[in-house]
Amino acid sequence: MRAINGDKEKDKEGAKYKDTVDLPQTGFNLRANSVVREPEIQKMWEETKIMDRVSEKNDGGTFVLHDGPPYANGDLHIGHALNKILKDFINRFQRYGVWADWNNPYLTLKPEYEAAQIEVFGQMVLKGHIYRGKKPVHWSPSSRTALAEAELEYPEGHTSISIYAAFKIVDVGESFPENLKMFLPRLGVAIWTTTPWTIPANAGVAVNDKLVYAVVQVHEPPETGLVEDRSGKGGKNNIKFGSGLHNPDIQYLVVALDLVEALQSKWHVKLEVKGTLLGSELEHSRYTHPLFQRECPVVVGGNYITTESGTGLVHTAPGHGQEDYVTGQKYNLPMFSPVDDEGNFTVEAGDFQGMSVLGDGNMAVVEALQKASHLLLQEAYVHKYPYDWRTKKPTIFRATEQWFASVEGFKEAALNAIADVDWFPPQGENRITAMVSGRSDWCISRQRTWGVPIPVFYNVNTGEPLMTQETISHVQEIIRQKGSDAWWYLEVQDLLPEEFRKEADQYIRGNDTMDVWFDSGSSWAAVLKTRKDLKWPADVYLEGSDQHRGWFQSSLLTSVAVQGSAPYKKVLTHGFVLDERGLKMSKSNGNGIDPEVVIEGGKNQKEAPGYGADVLRLWVASVDYTGDVMIGDRILKQMSDIYRKLRGTLRFLLSNLHNFNPELDTIQYENLPMIDKYALFQLANVMDEITESYRCYHFYKFYQLIQKFAVVDLSNFYFDTAKDRLYVGGTKNFTRRSCQTVLAAHLLCLVRAIAPVLPHMAEDAWQHLPFSHLLKDGSKCDYVFESGWPLIEDQWRSLSADNVEYWKALMQIRTEVNKVLETARGAKLIGASLDAKVLLSTANEALLSRLIQHTKEDPDKLCRIFITSQVEIIRSIEEAKSLDINYTGIYNLEGQGDLWVGVSKADGSKCERCWNYSPKVGFFPNHPSLCERCHSVICEGAEIKYQTATVV
């Protein structure tokens with residue numbers, strides 16, 4: 001009966017002391033409820049015009065991240081999220097809160113934009129960079145317009161009809177070897193092509209002058225017809241041997257010597273080498289066109305002629321290929337292009353007229369070659385082929401009259417400009433340098449019914465173009481006032497300036513419009529140069545890595561041509577988004593991820609929960625965006641877990657500052673205990689690294705730093721050791737106030753450090769600050785984005801090198817102590833670590849001396865750092881080993897020598913209030929269940945608090 005009454009008295013005593021403990025209090029919930037809370041925060045930002053307020057107070061100069069004009073079709077996808085979130089990271093860090101001026105976007109269809117584009121074009125005309133000519137360009141029969149390289153796609157799996165064909169030589173050049181002329185009456189050149197429809201436009205056969213060629217005799221030709229070829233890696237390929245393999249008029253063929261064996265296997269024949277010659281010795285030989293009555297020359301081409309495939313001789317049609325065109329210009333070859341806008345053969349193609357070159361016309365050419373005994377072999381060939389990015393249909397190369405920008409005229413300046421730009425990742429510079437180096441002309445005209453017109457007039461009699469500074473300026477002003485549609489609905493006399501109106505009946509307006517990449521490539525002039533709050537060049541351009549051939553390049557070329565330098569100081573590129581298996585996302589694969597579903601959740605919230613925008617943003621920060629990145633349900637779940645733990649860190653900070661007033665309660669740095677100085681030293685280092693990661697746009701480093709420091713390191717060490725003095729150290733006690741000083745520093749740094757990446761979480765935390773944060777002018781900072789980037793005090797970094805090394809050793813000791821504690825716990829000697837007493841010894845005298853000092857003052861006592869009730873330092877390891885301690889270990893500390901660790905039961909009894917063991921428990925008559933520290937807190941002025949709304 002007495003025992004029961006004693007327990008009741010003990011419970012009453014414990015309940016009394018419960019009210020003296022400073023437990024955490026905050027309204028900042030561990031559960032974010034992002035789907036509801038984030039829109040509320042966004043509404044608050046909008047209503048308070050926080051972006052405008054931050055902009056007005058900005059005194060750091062203008063930072064411009066120029067967003068590229070979008071040409072996306074359909075709904076936004078996860079790739080768009082990656083792109084826009086990365087840009088938002090940079091903006092929120094650089095201008096700290098300037099998201100974007102969504103109410104005042106720039107639109108390429110606005111009259112002022114179109115007028116600026118016309119001005120860029122006009123400047124290039126006046127500088128001599130624009131000309132009209134007939135050259136082969138990418139042509140889309142489905143769109144009936146020329147296309148730029150950046151308007152093409154190269155899907156996998158396109159199948160072409162490839163053929164080997166023989167053209168009969170009728171004459172040889174002066175350098176042709178005498179000993180091989182005997183084969184001339186029945187000698188031919190063998191070519192290979194994947195575009196048989198271009199054979200009617202053939203004007204030559206090109207060779208590499210440095211390659212060795214062989215004259216081979218064809219033996220044992222197979223019967224004509226379809227057979228199965230099982231030799232290829234792709235399995236069965238239907239091939240058709242042509243009648244040309246047993247054409248009595250062409251019994252000898254010229255092929256590259258290195259390809260004789262491969263061709264022998266491919267054609268299923270024996271090829272007997274009769275002699276060899278250099279490609280240069282074939283030059284100026286002549287052959288008869290296989291389908292038309294004309295002779296064509298053998299010419300020397302460029303390095304594009306190799307022995308990697310084909311025959312080593314290239315069928316050359318200058319009207320249907322860029323390399324063919326260049327070679328044709330060198331030899332003044334005729335430029336046949338018997339194809340119309342719809343991709344059908346014209347009358348120049350003879351019997352093929354009206355047939356589609358990508359359809360029946362292609363096969364008709366093959367059949368004609370077979371009938372004429374010039375076809376050697378026909379087979380299907382699977383490869384990448386250019387498709388129109390809009391219609392998703394194949395394109396062709398076709399020579400047409402177009403307007404071009406001559407890149408050659410300013411290529412050297414463009415390459416110099418590239419070298420002056422900071423490219424990230426660095427390989428981006430190599431990529432765009434190679435692209436610009438290999439570019440001679442840019443076809444800027446399009447045959448569309450929409451777009452910005454090329455402001456040119458043509459003489460109705462001669463076809464000569466009229467385009468002067470006066471005509472361009474006049475059209476520019478009309479478009480500035482009325483928009484580009486005015487070009488189509490106004491009369492020609494109204495489009496012409498005053499001095500030309502009398503001759504208006506002699507001119508017609510041009511129907512060509514500008515390439516969309518010229519549209520977007522002029523944005524530096526239409527936006528950066530015209531808006532007073534912006535500047536040229538931009539600080540940053542950031543887009544996908546495919547824009548080296550798109551917007552980055554078109555912007556560079558127009559800017560260099562007009563201004564002489566690049567429109568950007570730094571260019572960042574990101575990769576593409578893949579699923580968790582590393583596969584490309586597509587509708588056919590069914591592996592696409594809708595960012596809206598990630599944020600809001602799907603129809604089935606259990607299967608597709610709404611994570612909120614911040615979790616998606618955290619994923620963007622976690623990946624190395626310079627390459628392709630992966631996302632999926634598992635990855636999003638991981639991000640959600642990290643997000644929740646980070647929120648828990650902020651909650652710990654907020655909840656333990658509920659009765660802290662920075663103006664009254666802050667402890668000066670020089671008076672802080674060593675553990676708190678060390679915590680600030682770590683915070684300063686981490687903040688320096690985070691700042692640098694933002695400045696270098698290494699957001700994945702920010703993620704790694706914030707995860708390790710805020711989620712792992714703080715929780716595992718400082719927070720763990722801080723709980724004792726925070727909860728039971730006494731509300732106004734020095735040790736508690738010093739800890740709160742450090743917690744406040746961490747809170748104000750971390751919440752602002754995460755704001756560019758996790759703006760909603762940061763703002764949510766800021767709205768729950770338990771104290772007011774004041775700006776430089778003394779006013780209260782109501783929103784996190786008004787607070788500015790945290791400035792680290794120099795004294796936080798002032799910890800001496802000796803102290804840094806000591807704390808590094810102490811962290812190692814703590815790790816080893818925990819190992820022995822865990823062993824003792826497993827053996828049931830102790831439960832909680834406060835049940836233990838730790839004994840330490842080391843042969844390192846300097847370290848031993850420091851450890852002894854560390855046992856004297858709270859909160860630097862080793863027992864507080866190890867979270868045990870006592871720590872005893874033994875003078876020597878030999879003495880330590882002689883003690884009757886069951887749970888021990890010897891460890892080698894890096895750079896410090898051996899450490900001996902022992903664990904025993906703590907001395908004394910357990911304090912009812914703080915749960916530490918002490919021999920003084922039972923010593924105080926008025927509070928027999930308290931230790932000396934808790935007795936002091938209770939009896940020497942600490943208030944007993946009766947809590948309301950305590951959150952644990």
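Computed from a predicted structure; not experimentally measured.
Heavy atoms from other residues, nucleotides or ligands lying under 6.0 Å from NZ of K570 number more than 12.
The backbone N or O of N656 lies less than 3.5 Å from a partner atom in the side chain of Q740, making a donor-acceptor pair. Without hydrogens or angle criteria, W619 side chain to M630 main chain gives a donor-acceptor distance under 3.5 Å. Between the side chain of S869 and the backbone N or O of L834 there is at least one donor-acceptor pair closer than 3.5 Å. In terms of modelled atom types and a separation under 3.5 Å, the side chain of R933 and the main chain of C914 share no donor-acceptor contact. Judged by distance alone, the side chain of T691 and the main-chain N or O of M687 form a donor-acceptor pair under 3.5 Å. Distance alone, capped at 3.5 Å, is enough to place a donor-acceptor pair between the R752 side chain and the L748 backbone. A donor-acceptor pair under 3.5 Å is absent between the side-chain atoms of R864 and the main chain of P859, judged by distance alone. Side-chain atoms of D614 come within 3.5 Å of backbone N or O of M761 as a donor-acceptor pair. Of the possible donor and acceptor atoms, none in the side chain of R617 sits under 3.5 Å from a partner among the backbone N and O of L758. T741 places a side-chain N or O within 3.5 Å of a backbone atom of I667 that can act as its donor or acceptor partner.
Close placement of the F93 and W789 rings is indicated, their centers lying within 6.0 Å of each other. For Y694 and F702, the gap between ring centers is short of 6.0 Å. For H574 and Y625, the distance between ring centers is not under 6.0 angstrom. Taking the six-membered ring wherever Trp is involved, the centroid distance between the rings of W45 and F785 falls below 6.0 Å.
Contact check on D420 versus K569 returns no salt bridge, with no Lys/Arg side-chain nitrogen under 4.0 Å from an Asp/Glu carboxylate oxygen. D860 has no carboxylate O lying under 4.0 Å from a charged side-chain N of K856, or vice versa, which leaves the two without a salt bridge. A salt bridge between D665 and K732 is absent, with no side-chain N of the basic residue lying under 4.0 Å from a carboxylate O of the acidic one. Between K819 and E822, none of the side-chain N atoms (NZ, or NE/NH1/NH2) sits under 4.0 Å from a carboxylate O, so this pair counts as no salt bridge. Under the 4.0 Å criterion applied to side-chain N and carboxylate O atoms, K708 and D713 are assigned as salt-bridge partners. Using a 4.0 Å cut-off between charged side-chain N and carboxylate O, K87 and E543 make a salt bridge.
Evaluation of the side-chain hydrogen bond (donor to acceptor under 3.5 Å, both in side chains) rule for R37 yields E40, D764 as partners, not counting sequence neighbours. Among residues two or more places apart in sequence or in another chain, the ring pair (Phe, Tyr, Trp, His ring centres under 6.0 Å) test is passed with Y568 by W423, Y541. Scored by the side-chain hydrogen bond (donor to acceptor under 3.5 Å, both in side chains) test, E793 finds Q795 as partners (sequence neighbours excluded). The side-chain hydrogen bond (donor to acceptor under 3.5 Å, both in side chains) test applied to H746 returns no partner, not counting sequence neighbours. Residues satisfying the side-chain hydrogen bond (donor to acceptor under 3.5 Å, both in side chains) test with Q870, not counting sequence neighbours, are none. With sequence neighbours excluded, the residues satisfying side-chain contact (heavy atoms from CB on, under 4.5 Å) with P662 are F660, T666, F771. With sequence neighbours excluded, no residue forms a ring pair (Phe, Tyr, Trp, His ring centres under 6.0 Å) with Y643. Y703 meets the ring pair (Phe, Tyr, Trp, His ring centres under 6.0 Å) test with no other residue; sequence neighbours excluded.
At least one side-chain heavy atom of L840 sits less than 4.5 Å from a side-chain heavy atom of I813. E763 places a side-chain heavy atom less than 4.5 Å from the side chain of M44. Two residues are said to be in side-chain contact when any heavy atoms from C-beta on lie closer than 4.5 Å; N83 and L542 meet this criterion. Looking at L769 and C781, their side chains never come closer than 4.5 Å, going by heavy atoms from C-beta outward. Between I90 and L86 the shortest side-chain heavy-atom distance does not fall below 4.5 Å. Here the side chains of P673 and E857 are not in contact, with every heavy-atom distance at 4.5 Å or above. When side chains are defined from C-beta on, D782 does not count as touching I50, because their heavy atoms never get closer than 4.5 Å. Side-chain atoms of T649 and S715, non-hydrogen and from C-beta on, do get closer than 4.5 Å to each other.
Screening residues 629-642 for salt bridge (charged side-chain N to carboxylate O under 4.0 Å, His left out) gives E580-R634, K637-D641, D641-R644 as the qualifying pairs, with residues at least two apart or on separate chains. The salt bridge (charged side-chain N to carboxylate O under 4.0 Å, His left out) analysis of residues 832-845, with sequence neighbours excluded, yields the pairs K837-E872, K837-D907. Each ring pair (Phe, Tyr, Trp, His ring centres under 6.0 Å) pair with one or both residues in residues 716-736, not counting sequence neighbours, appears once here: F652-F719. For the salt bridge (charged side-chain N to carboxylate O under 4.0 Å, His left out) condition, the pairs that include at least one residue of residues 667-687, sequence neighbours left out, are D676-R725.
Relative to the ring axis of Y806, R850 places its NZ or CZ within 45° and under 6.0 Å from the centre.
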